[in-house]
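Here is the naming used below: chain letters follow the sequence lines, and residue numbers restart at 1 for every chain.
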Amino acid sequence: MFDLTTKARTLIRVSGLKMYFPIHAGIFRRHVGDVKAVDDVSFDIYEGETLGLVGESGCGKSTCGRAILRLYDITAGSIQIDGQEIGDLPQSALRKLRPTMQMVFQDPQASLNPRLTVEGIIGEPLLEHTSMSRAERKARVHELMDAVGLNRSFSDRYPHEFSGGQRQRIGIARALALNPKFIVCDEPIAALDVSIQAQVVNLLEDLQKEFGLTYLFISHDLSMVRHIADRVAVMYLGKVVELAPEEALYGEPLHPYTRALLSAVPEPDPDLTIEDRIILKGDVPSPANPPAGCNFCTRCPAVMDICQREDPEFREVQPGRFVACHRYGQSAENKTENENENETAA
Amino acid sequence: MPDGAPKVLDVRNLNTVFRTRTGEVHAVNRVSFDLEKGELLGVVGESGSGKSVTMMSLIRLIPSPPAEIRSGQVLFDGMDLLEVDDDTLRDIRGARIGFVFQDPMTSLNPVFTVGFQLREPLMRHMGMNRREADRRAAELLELVGIPDAARRLRDYPHQFSGGMRQRVMIAIALACDPEVLIADEPTTALDVTIQAQILELVRELRQKLGMAIIWITHDLGVIAGIADRVMVMYGGQVVEEAPVRALFKSPRHPYTRALLETIPHVRGKRAERLEVIEGQPPILGAAPKACPFRDRCAVAVEICGRENPALREVGARHRVACHLADADTGAGSGTGAEPEGAHV
Ligand SMILES: Nc1ncnc2c1ncn2[C@@H]1O[C@H](COP(=O)(O)OP(=O)(O)OP(=O)(O)O)[C@@H](O)[C@H]1O
Ligand SMILES: Nc1ncnc2c1ncn2[C@@H]1O[C@H](COP(=O)(O)OP(=O)(O)OP(=O)(O)O)[C@@H](O)[C@H]1O
Ligand code: SF4
Ligand SMILES: [Mg+2]
Ligand SMILES: [Mg+2]
């Protein structure tokens with residue numbers, strides 16, 4: 001496991017990232033508002049670690065992951081990879097950097113071209129980004145198939161001839177083809193059965209060790225994220241509300257949303273009655289029209305007056321622990337009138 | 001059965017086969033189980049293990065063709081549901097046996113208001129007039145925790161969130177006070193905080209209404225929290241069935257054991273490495289002549305490839321289909337594991 005005590009090198013630095021999707025209406029397709037899918041998010045990812053990104057459906061996890069890889073032209077903010085700013089690079093300039101950052105998708109079925117053989121699929125990025133000969137490519141594909149535990153003799157088969165877990169291995173092999181440093185894994189196990197999920201997670205862990213990979217692991221499965229992540233960021237309605245090392249976050253969650261989320265996970269033990277289980281009332285508001293103040297204030301069991309007026313700053317409340325909640329940090333009373341534009345912590 | 005709670009449903013030797021262009025799929029093989037009055041039976045198993053097809057077969061909601069129920073009995077109130085005529089069956093479905101399906105968007109009709117869909121079974125099965133049905137419909141929506149219920153009856157399904165649609169589905173299933181509720185993955189598509197709301201609701205409703213429930217899920221955490229008894233399916237068969245505590249504390253089937261070991265937890269000790277069940281689930285091309293789990297089983301012996309083990313009693317209400325079920329001592333299995341409550 002990644003050692004957080006040694007001086008970690010920052011590989012990815014995200015600051016003030018915003019990704020808005022415009023909403024158009026009427027016959028003139030007027031711009032009437034925005035879906036604030038990612039709304040001012042800042043965090044670092046250390047080299048060699050797995051940062052887990054959790055949160056409920058629609059909170060902006062995938063958008064965040066895709067924005068970091070610049071699969072979108074972002075609305076605002078900065079993204080640095082190994083010190084290089086890529087937030088404002090045009091897509092043409094990004095092409096050169098693509099090999100270093102890859103993505104593994106949720107649906108192994110939909111993300112693989114059904115007309116290509118396994119060899120074609122895994123070899124596609126090699127064809128596009130390298131000048132390898134056919135024989136070299138084949139050798140590399142075989143090497144990758146070994147690494148992800150696929151039998152080489154399957155290289156001429158098509159995706160539909162594989163099981164879900166095997167298809168996910170094909171997707172992972174393709175993501176590894178160009179020796180990336182950083183991989184965004186977007187719900188890589190969500191479509192798989194419980195007994196197959198463990199196989200894929202173990203594989204991702206082995207590959208990380210072997211190749212020194214850095215992962216952003218997106219999932220709504222809180223127990224799997226606990227297992228695989230070194231640090232965990234919790235998103236709610238476009239914002240990261242808490243970020244902490246795995247042990248601290250699961251052992252002593254600070255943000256009221258993190259607490260509710262963790263207490264809602266059913267435990268596979270009939271003897272365990274979770275005492276203060278927090279049942280949140282109501283539904284998640286729309287990201288097109290988030291509430292004023294703290295975006296969790298409409299459902300928060302610990303809500304205070306100030307929460308309805310002011311957006312809490314995302315700040316480091318203990319070394320390495322970040323929280324965006326008025327309950328932590330400065331006492332709420334002192335923060336009445338002065339409208340402060342928050343600088344987000346990096 | 002030692003504890004004399006009356007059975008509301010008794011399924012015996014159910015077999016369902018699909019005929020497809022590429023051959024037969026033996027989706028449900030000799031499935032037998034019963035359901036006691038007021039109890040919650042959890043059904044778990046991997047995708048394709050036959051959970052949905054079993055439940056759809058027993059009330060004949062399975063489309064045939066391609067499906068064919070080859071044999072079996074489904075005893076409900078002195079009748080065999082596989083034998084009764086269509087009119088009788090229609091009266092039972094939706095009135096005495098309620099359903100909640102896997103995906104609420106496909107089972108709620110988008111062109112009718114929620115009020116219409118709630119009134120319909122009340123008027124058809126309970127002989128209510130429009131006004132009575134309206135009042136009852138509002139009560140039902142309130143019962144499942146939808147605020148401003150009377151007004152929301154005029155809304156269409158798309159005007160509700162996913163969690164609310166699932167509540168509406170539950171309200172419709174409960175409309176005629178069924179004796180049995182069959183819920184197929186009713187919370188799988190929902191977020192954990194919304195799932196927690198629904199599970200809380202089900203606990204409340206059971207206390208208030210006392211119906212028997214069959215709850216299908218792949219989430220062992222959900223099962224541990226709400227079930228009295230659990231049935232584990234694998235490859236179209238029941239491989240283990242036990243009171244919930246016995247299943248989690250002393251599982252006897254190698255598949256159940258392995259399954260419990262592969263899942264990570266959010267509380268307690270964090271495992272260094274996840275246990276895995278190697279291999280893939282079986283393809284059910286023919287009636288199984290061997291144990292369906294043999295290729296993935298860590299303790300399989302020669303006979304496992306030759307003979308399909310039958311379900312055998314290994315403890316109080318604890319049945320296992322494994323050739324080695326008796327071989328290991330399984331200290332404490334089954335004993336003292338009867339769940340309390342629920343057996344009204
Ligand atoms: N291309 C797009 N155009 C408009 N809105 C979008 C687009 N992509 C995402 N959104 C919206 O942005 C919000 C965040 O979506 P996103 O897919 O990032 O959520 P998520 O956290 O990954 O959810 P899930 O767990 O369901 O995958 C949602 O409200 C979604 O509807
Ligand atoms: N219409 C159909 N035609 C052919 N085979 C089918 C059909 N419907 C289901 N099956 C097969 O029957 C078997 C059992 O399916 P079933 O839907 O009961 O699984 P399940 O346990 O409910 O899985 P899940 O957890 O994915 O819902 C599977 O092998 C499936 O492929
Ligand atoms: S800031 Fe207020 S509303 Fe937001 S989480 Fe904290 S206490 Fe709750
Ligand atoms: Mg997503
Ligand atoms: Mg099913």
Quiz prompt | Proximity breakdown for B:Gln197 and chain A, heavy-atom pairs closer than 4.5 Å | solution = both

Self-check item: Interface moiety of B:Leu220 toward chain A, non-hydrogen atoms closer than 4.5 Å
Solution: both

Can you give me the closest heavy-atom contact between [X] and [Y], atom names plus distance?
X	Y	result
B:Val244	A:Pro270	O-CG, 4.0 Å
A:Ala264	B:Val192	CB-O, 3.6 Å
B:Phe248	A:Pro268	CD2-O, 3.5 Å
B:Ala224	A:Glu267	CB-O, 3.5 Å
B:Asp219	A:Pro266	OD2-CG, 4.2 Å

Quiz item: Given a strict heavy-atom distance threshold of 4.5 Å, which part of A:Leu261 is in contact with chain B: side chain, backbone, both, or neither?
Solution: both

Quiz item: Has B:Glu261 got more than 12 heavy atoms of other residues, nucleotides or ligands less than 6.0 Å from its CD?
Solution: yes

Exercise. Check whether more than 12 heavy atoms from other residues, nucleotides or ligands sit under 6.0 Å from atom CD of B:Gln159, and answer yes or no.
Key: yes

Quiz item: Nearest 0.5 Å, what's the CD1-OG1 distance between A:Ile278 and B:Thr193?
Solution: 11.0 Å

As an exercise: rank [options] by heavy-atom pairs under 4.5 Å with chain A and give me the winner.
options	answer
B:Gly221, B:Gly48, B:Ala258, B:Gly225	B:Gly221
B:Gln195, B:Met164, B:Glu275, B:Lys249	B:Lys249
B:Ile263, B:Ile277, B:Leu274, B:Val276	B:Leu274

Can you find a heavy atom in the side chain of [X] that is under 4.5 Å from one in the side chain of [Y]?
X	Y	result
B:Arg273	A:Val201	no
B:His265	A:Val265	no
A:Val194	B:Glu46	no
A:Glu246	B:Arg270	yes

Practice problem: Measure from the side-chain N and O atoms of B:Asp191 to the backbone N and O of A:Glu56, and report whether any donor-acceptor pair falls under 3.5 Å. | Solution: no

Exercise. State whether the side chain of B:Arg267 and the backbone N or O of A:Leu262 hold a donor-acceptor pair below 3.5 Å, judged by distance alone.
Key: yes

